[in-house]
Amino acid sequence: MSRILPAVGARNLRFPWVLLALAIAAAIAIVLGSQWYRERESRQTSTAERRLLEARGRVEAARRERDSLQESADVFRTLVERGLLLGEHRLDLVEMVNTLRARHQLFSLDYEIAPQRALQLPGGRVYPSLDVLASRVKVKLRALHEGDVLAFVQELTQSRQGFYPLDRCLLRRVDSAGEALQPHVEAECSFEWITLKDKNANRAG
Amino acid sequence: MRHFLYLTNSRLVSMITQGKRIAARREFAVSGMGASELDRYLASYVDAPTYIFTDLSEEDFRLDTIPHVGSRDREAIVARKLGQIFRSSPYRYAAMQGREPEGRRDDRVIYTAITNPELLRPWVDAIERHAIPLVGIYSAAVFSAVLLEELDLVFANTLLVTFTPGEAMRQTYFKDGEIKFSRLTPVDLEEGQTLGMMMAEETTRTWQYLDSLRHFAGDDRLEVCVLVHPNDRAAVQPELRDFAQIQYRLVDMEQASTKLGLKPAPLDSTAEEVLVHLFLMRPSGNHFASAELRRFASLRRARLALNQVSIAILVAGVAWGGYNIFRALQGNQAEQELVRDIARLDREYDEITRALPSFGVGGATMRDVVAFYNASIRSFPSMPEFVVPISHALQGHPDIQLSQLAWQATDDPKATPTMTPGARTASPVTAVRKGDAPPPPPPPSDGNNPPYAGGKFEVALLEASVRVGANDYRGALDRVQKLSEAIAHLPGYRCEVVESPLDVSTSIAIQGKHSSADPSMLEARFVLRVMRERTPA
């Protein structure tokens, strides 16, 4: 080859060799560049597909939640209005008890509100989004008639502000000397003052 | 573009071809200023691959046989023989022509060479000076075998007669399509001699020569094929008379050109354009040019190959890149659609969440609140609702007076609310348990953190007394039993007597203390346990 193609020939081929090298480099650059672009697009498409799946899941969950919440919205509205999520306002209870005492003409009314605590629910049940809190309230009262006691209890438990499930009550007839305006009945009752706290609100705070 | 140079003893014809067509033609004189004119002319075609056809009288042909050996050895033998036969000429060529039918079946070879290399020197030097890519130097006689094949003129013994530029006539003898001999005769007509006469004399002379070399058997006939232009046909045909050993076939130049696709047909009887056209159709290998003479063509071929490889690589890269871009754009399009879908879903999600009844809390919180309410509060029992039916039942028993009621909401059906027993009135007859009576249970303690009551059951203890006549224990028991049954008949209620006015079971003792001071009426104490189970909502 070298005999047939002398040095001058090699010089003549310099440009084609350079051109070949440039073509190889350009081809590699084009292929790598386009491959990179394609892979980037592929990755973006995969990401978009994943996001689409997530969005679909989100929408499905929202639809389910909407259907679920639609049913309980009215109940929830009532509960919110009754202050289930508002926390304890003890002064309100004090005022309400005093109002009820006057309304039902109780001779005496003693009460004790224990410190608020997390309420243990039956079966150890917990709610992921809620803290169930309660304050144990004990009342001791004396009345002219057991009907006054029952009316007091009834109005307390059916109060439109707060939830007070009464779970114990002892009614006892009181001996009196026959005077009409003496207490004839005394009662000792206990109930829970239940409030709920949104865990998410705690986290947010 | 290719450049063909057709060299005869007196003329050199240059033909420039474009594709399969002869685009330009120019003739140069071999002597005088011809070489310098060609030198200037070549300057315009330095890049065109150039082919030289020789049609010279100084081309010699030798037939030979060599032992049938391997290709390397054969090449060595042929090269050696060529060197021996045509020692003075670098323009030499050997063509293998098959094998002998008999004996050792040696290989048949024809050697040919331009015996006077000086005839080529000025032209080759001009080409070298311009560094023109010389592809090859070809023997017109050797190549003319292709003409016979293309014109279907292959006979057992064929003599092809062609005319060359510069007034010469070439006779080439082919035996079974293989060239055996060729010679060039100047057309130098004597007075009164026609071209046909001269042709008849020359072909007859050639037949005699070939016959002397024992190319013919007894009944062989030489087919003399004359390529002649219609303009010369009249001068040729009358003189060519067939006889037993020679038959003439006049091949019309225009018809042959039409058959070969040569347009336009040559204007005279010279065959150079036909041969060049045939070469374009069926290229042949180099005959006479050495590798050194062909180096610029080799360089050009290498350059072209490199350029083609470069272009191929670039095209492949661009194609690959284009494919990648195409797929990427497809992916991009798909991604755009996905993004649109995502945006649509996001809008839908926003609309749904906006429409959700949130009340300032999350959906999970709302669900939990409602679930807690339904499970723990909504159906929680109410003591007044429990007591009122019992109170109605008591109204039917005016001789029974309630003294205590202990009520409890619980999930334990066996739970019993605590109660401090009231004061007992003296009774003449009492039940006495053996040993010490068990201490009353301690008062209930809620503890610091009592669990939520649940309220599946409501349990109550009712302490009361029944007023009957003195010592009417039977009546007291009966009334208490009736009250218990009346309560038990209330929907959802169960009732049992926990403490009877008088325990008459046989397992315990009874004491009686009667005197004249006994009261006229008896108030007997008893305790009932009442339970109600919450019905599912």
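Heavy atoms only: backbone and side chains are in, while hydrogens, waters and symmetry mates are out. Throughout, a chain's letter reflects where its sequence line sits, starting with A, and its residues are numbered from 1.
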Interface moiety of A:R125 toward chain B, non-hydrogen atoms closer than 4.5 Å: side chain

Interface moiety of A:I194 toward chain B, non-hydrogen atoms closer than 4.5 Å: side chain

Options A:R51, A:E60, A:Q158, ranked by heavy-atom pairs under 4.5 Å with chain B, top entry: A:R51

Among B:L314, B:V459, B:V369, residue most engaged with chain A (heavy-atom pairs, under 4.5 Å): B:V369

Check: A:R117 side chain, B:P450 main-chain N or O, donor-acceptor pair, under 3.5 Å: yes

Heavy-atom donor-acceptor pair, A:H145 side chain to A:G147 backbone, under 3.5 Å: yes

Heavy-atom pairs under 4.5 Å with chain A, option from B:R344, B:E385, B:Q404, B:E458 with the top count: B:Q404

Pairwise side-chain contact, A:M96 with A:Y164, heavy-atom cut-off 4.5 Å (strictly under): yes

Winner by heavy-atom pair count (cut-off under 4.5 Å) against chain A, out of B:L402, B:T410, B:V387, B:V318: B:L402

Which portion of A:L32 sits near chain B, non-hydrogen atoms under 4.5 angstrom: neither

Toward chain B, the part of A:E192 with a non-hydrogen atom under 4.5 Å: side chain

Contacting moiety of B:Q401, where chain A heavy atoms sit under 4.5 Å: side chain

Which atoms of A:V149 approach chain B - backbone, side chain, both or neither, heavy atom under 4.5 Å: neither

Interchain contact, B:I377 with chain A, by part (heavy-atom threshold 4.5 Å): side chain

Choice from B:S391, B:A375, B:G317, B:S382 maximising heavy atom contacts with chain A below 4.5 Å: B:G317

A:S135-A:R90 side chain donor-acceptor pair, cut-off 3.5 Å: yes

Whether B:S310 side chain and A:L20 backbone form a donor-acceptor pair below 3.5 Å: yes

Side-chain (A:S42) to main-chain (A:R38) donor-acceptor, under 3.5 angstrom: no

Pairs of heavy atoms under 4.5 Å with chain A: top-ranked of B:A334, B:G331, B:P384, B:A406: B:P384

Chain B contact via A:A62 - which portion, at a heavy-atom distance below 4.5 Å: both

Residue selection (most heavy-atom pairs with chain B, distance under 4.5 Å) from A:V153, A:L121, A:L79: A:L79

Largest heavy-atom contact set with chain A, pairs under 4.5 Å, which of B:W320, B:F372, B:Y373, B:Y323: B:F372

Part of A:L196 lying under 4.5 Å from any heavy atom of chain B: side chain

Between A:Q44, A:E54, A:E188, the one whose heavy-atom pairs under 4.5 Å with chain B are most numerous: A:Q44

Option passing side chain to side chain contact (heavy atoms under 4.5 Å, CB included) with B:D350 (candidates B:E348, B:R354, B:R347): B:R354

Aromatic ring proximity, centroids under 6.0 angstrom, A:F191 and A:Y111: no

B:D368 side chain vs A:S129 backbone, donor-acceptor pair below 3.5 Å: yes

Qualifying salt bridge (Lys or Arg N to Asp or Glu O under 4.0 Å) pairs, either residue in residues 302-311 of chain B, two or more places apart: none

A:A118 portion near chain B, given a 4.5 angstrom heavy-atom threshold: backbone

Any donor-acceptor pair under 3.5 Å from B:D411 side chain to B:K456 backbone: yes

Minimum heavy-atom distance between A:K199 and A:D131, given as atom pair plus value: CE-OD1, 3.0 Å

